[in-house]
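Dumping the structure here so I can ask a few things about it.
All ligand and atom numbering here is 1-based and tracks the order in the structure. We number each residue from 1, following the sequence as shown.
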Amino acid sequence: MIHAKALTRTFKGVPAVRGVDLDVHEGEIVGFLGPNGAGKTTTLRMLTTLLRPTSGTATVAGHDLVADPSGVRGSIGYVAQGGMFTPPSLIGAELLLQARLHGHSAREARRLVGEVLERVGLAGFERRSPASLSGGQARRADLALGLVHAPRLLFLDEPTNGLDPRARAELWDHIRGLRTTIFLSTHYLDEADALCDRVLIIDGGRIVASGSPADLKRDHAAATLDEVFLTVTGRPMAEAAA
Ligand SMILES: Nc1ncnc2c1ncn2[C@@H]1O[C@H](COP(=O)(O)OP(=O)(O)O)[C@@H](O)[C@H]1O
Ligand SMILES: [Mg+2]
């Protein structure tokens, strides 16, 4: 579903993404794991046609990124990092607009809106404003906006950022149940572990490791283990601890 070769993006001469190669196959959930500033959003924005690569090539859902951007846009859904709804519009109206923009009839769009709200656990929320939602509900509404037109490939940029543990777990359940190809970014190791078949680790604009969560834990856990064992002898404990 995604084949990218040497994708690069510089901002005013400063490189943000430095030659990223990646492949995502149909049906996979692939995670893009890295710290803030690693280049995750920039890569996702290139793959979703929102940002032109400085160099490199990619096909996304069978369409060439640069030669056929509208073909790419017609096949994907994208949930941006910062939230998707613009108040004061209502949830249902915005979802309906999105479905209509993707070419569905008014009647079909209404059906899709009802269906997608049900899927993300927000049935009956059509007339709610984005501002009235809890953090978890708002992110699930964002997910609905990325999904309403039934895309073959979904991009999620840090989908659970800022949510409490319970809202995160709920959102994970919804994401796992989607049965579509997903490429998601995260800076949470546990999120990549919980959701992804495969993980690519990005740092400083480059992919520095890749594999299944189990492979990565086996190969890298020893090097990142933050555990130090101290053996204290001959002095009282309080003094040793100080
Ligand atoms: N529009 C922009 N103009 C200038 N620099 C940018 C812009 N967008 C991102 N960057 C820089 O590119 C680097 C990667 O950013 P980003 O892709 O947002 O990282 P991440 O999503 O992994 O946190 C950062 O150093 C960031 O400051
Ligand atoms: Mg980002």
Tell me whether L171 is reachable from V148 by hopping between hydrophobic residues (I, L, V, M, F, W, Y) whose side-chain heavy atoms are closer than 4.5 Å.
yes
Report for the Mg ion (ligand 2), protein N, O or S closer than 2.8 Å, by chain and number, lists T41 OG1, Q81 OE1
Would you mind running through ligand 1 and noting each atom that sits below 4.0 Å from a heavy atom of P35?
22 (O)
Hey, is G34 one of the residues with a heavy atom under 4.0 angstrom from ligand 1?
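False for this residue.
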Does G205 have a non-hydrogen atom less than 4.0 Å from ligand 1?
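Under 4.0 Å: no for G205.
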Across all chains, not counting sequence neighbours, the side chain to side chain contact (heavy atoms under 4.5 Å, CB included) partners of R168 are T160, L163, W172, Y188, D190, E191
Decide if atom CZ of R176 counts as having more than 12 heavy atoms of other residues, nucleotides or ligands within a radius under 6.0 Å.
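Yes, enclosed.
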Look at the aromatic rings of H102 and H149 and report parallel, tilted or perpendicular, splitting at 30° and 60°.
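Answer is parallel, since the angle falls under 30°.
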Closest to atom 16 (P) of ligand 1 (heavy atoms only, candidates V14, D203, T42) is T42
State the atoms of ligand 1, each with its element, that fall below the 4.0 Å cut-off from a heavy-atom position in A38.
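Counting atoms of ligand 1 from 1, those under 4.0 Å from A38 are 19 (O), 20 (P), 22 (O).
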What about F11: any of its N or O atoms under 3.5 Å from an N or O on ligand 1?
no
Please check if the number of heavy atoms outside L189 that lie under 6.0 Å from its CG is greater than 12.
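No, because the 6.0 Å sphere around CG of L189 holds 12 heavy atoms or fewer from other groups.
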When you look for heavy atoms under 4.0 Å from ligand 1, do you find them on the side chain of S185, its backbone, both, or neither?
neither
Does any N/O atom on G39 come nearer than 3.5 Å to any N/O atom on ligand 1?
yes
For atom 22 (O) of ligand 1, state which one of K40, Q81, E158 supplies the nearest heavy atom.
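Answer by nearest heavy atom: K40.
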List ligand 1 atoms under 4.0 Å from N36, heavy atoms only on the residue side.
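So the atoms of ligand 1 that pass are 23 (O).
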E108 CD: over 12 foreign heavy atoms closer than 6.0 Å:
yes
